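In this text, all values refer to a predicted model and were calculated from it rather than measured experimentally. So you know, we letter chains A, B, ... as the sequences are listed, proteins then strands, and number each from 1. These values consider heavy atoms only, across backbone and side chains, with no hydrogens, waters or symmetry-generated copies.
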There are 2 protein chains.
Amino acid sequence: MELQAAETGERRPETLGEEVFGRILELIYSTELAPGMVVNESVLATRFGVSRGPVREAIRRLQGIQLVSREPFLRARVVSLSAQAILELFQMREALEGYACRLAAQRMGEAEIDALIADLEAAHSGQQPPETTRFDFHERVVRASGNNRIIDSLCGDLYHLLRIYRRISGAVPERKELAFTEHWQILRAIKMRDGALAESLMRSHVERAGRHVLAQVPEPPSPAATDAEKRAS
Amino acid sequence: MELQAAETGERRPETLGEEVFGRILELIYSTELAPGMVVNESVLATRFGVSRGPVREAIRRLQGIQLVSREPFLRARVVSLSAQAILELFQMREALEGYACRLAAQRMGEAEIDALIADLEAAHSGQQPPETTRFDFHERVVRASGNNRIIDSLCGDLYHLLRIYRRISGAVPERKELAFTEHWQILRAIKMRDGALAESLMRSHVERAGRHVLAQVPEPPSPAATDAEKRAS
DNA sequence: GGTTGAAAATGTGTCAACAGTTTTGAAGGA
DNA sequence: TCCTTCAAAACTGTTGACACATTTTCAACC
């Protein structure tokens, strides 16, 4: 009931578990469920006006994509990544996105490359449409790789984790300018069909981004500290 | 009850969901649940002597690691990989295992490397202990990378999928000899601390293995054909 | 004989209650 | 005052029943 009123006008969430999964995800994004906080089944169930079953299912899915950590009878918590974990996350992104970039250099059509270049420059000129269809360079390149398994991994699991910490590093102008240059160089390598170069450039680019995020998030003193102890409601 | 009698003498499965997860996994490995077959909640529940809840949870976990495919109200099925999907799987392995290999070349200690070389040669000489602690070169290298996220991905999700299709390619003597040579070359590159070479060699090695598997599994004519239609019991 | 439609059968989604475990917090002793 | 102990509270794990969707069956109809 409360669930229906949310926003079920456009698409059809099919099952309650799916819907709850999306809503908890939004709570995590909005930091109402910040890293380290406890995710309580009953509280969320009453909040969403559903039974504990669907909530339980959603939490298991979140556990599956490593957004919440949980052990048998202990309470589930939103993951709070240590500096080490963030480093490992970006290393994995380096490996996968670099390889995807190499594949893209082989498989993209000329027109496709030119369109991507045009979109990149348009977005940089500030002509990006408000917030709809916001230009995402990395996602575009990854999808151009054509490898669905890598696409799902990067645009699914890892993307959610990155998004939590992307909020922190946020909009830093000089970084934005540098990123544009690096993106442009990568596309140029792709257009030259130099897969090895494109992969190398993408790796360097991701590594720089990782160092940037790491610098902004020095150290969460203790993974689940006093402040994060408050309940989910 | 029936569950207790299984083999709960050594470790403690903690929760029923965990236990059921493992048992379904075994059913899949033993091809009693072959690719394309239907995974029925109630049938498995009565078979294991538990309620549908834990079974449901286990199936969701299997769905999470992409071992079963499922849509809202349709029955769950064990995935049957198309040639395209197998190709993508090995490409992802190339990207991750190659990168892990590069990391290993940087981070392994001298003694660690020598020990791995010794184990490799011992295993090749047929001195491998019966089936316990069977030597797994790839897992050893991946774990030596020190990146837990990559380790979990390769030794968890992807490993299960590969294992289903490893059975098919099975033991081919000449391939085994070639693999030993390639493994040895990779370790030599690691010992020389040549991360780029080690990564390159590992990629070639994985790609060859992938082509080998693809050659053995030409095409499952239809992903879920007549024979695979039989029930889970 | 083949096709269409409704009803039974099968199976998944959801719920509320019960059981077992962990955490909380207060009473009692050093 | 601090630590230990133990019982109540809170929470997760599990269960059986019910609601809903899909598939199959089978009989009526063209």
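- In this structure, the side chain of A:Thr31 does not engage the main chain of A:Ala34 through any donor-acceptor pair within 3.5 Å.
- Summarising the geometry, the separation between CG on A:Leu16 and P on D:dA19 is reported as 16 Å, rounded to the nearest angstrom.
- For the OP1/OP2 pair of D:dT14 and a distance below 4.0 Å, the side-chain nitrogens and oxygens of B:Thr15 include at least one atom meeting the criterion.
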* Structure fact -> Nucleotide by nucleotide, nucleotides 17-23 of chain C touches protein heavy atoms under 4.0 Å in the pattern (B base, S sugar-phosphate only, - none) ----SSS
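- C:dT10 atom P lies 11 Å from atom CG of B:Asn40, rounded to whole Å.
- Using a 4.0 Å heavy-atom criterion, one finds that A:Gly53 contacts no nucleic acid atom at all.
- In this structure, B:Glu71 atom CD and C:dG13 atom P are separated by 11 Å, rounded to whole Å.
- Checked for salt-bridge contact, A:Arg149 and B:Glu88 miss the test: no charged N lies under 4.0 Å from a carboxylate O.
- For A:Arg77 and D:dC11, the CZ to P distance is 13 Å, given to the nearest whole Å.
- Considering SG of A:Cys155 and CG of A:Asn148, their distance stands at 10.5 Å, rounded to 0.5 Å.
- Separating the CZ atom of B:Phe21 from the P atom of D:dG13 is a distance of 16 Å, rounded to the nearest angstrom.
- Here the side chain of A:Thr46 pairs a donor or acceptor atom with the backbone of A:Ser42 at under 3.5 angstrom.
- The side chain to side chain donor-acceptor pair (under 3.5 Å) test with A:Tyr99 is passed by exactly one of B:Glu94, B:Gln91, B:Arg203: B:Glu94.
- The pair B:Arg70-B:Glu41 does not count as a salt bridge, with every side-chain nitrogen at least 4.0 angstrom from each carboxylate oxygen.
- Remark: B:Glu57 engages A:Arg56 in a salt bridge, criterion side-chain N to carboxylate O under 4.0 Å.
- Here D:dT15 presents its C1' atom at 17 Å from CZ of B:Phe48, a figure rounded to the nearest Å.
- As a whole-Å value, the separation of A:Arg70 CZ from D:dT12 P is 9 Å.
- Between B:Ser42 and A:Ser51, the one whose closest nucleotide on DNA chain C sits nearer the 5' end is B:Ser42.
- We find that CD of A:Glu19 is positioned 11 Å from P of C:dT14, with the value rounded to whole Å.
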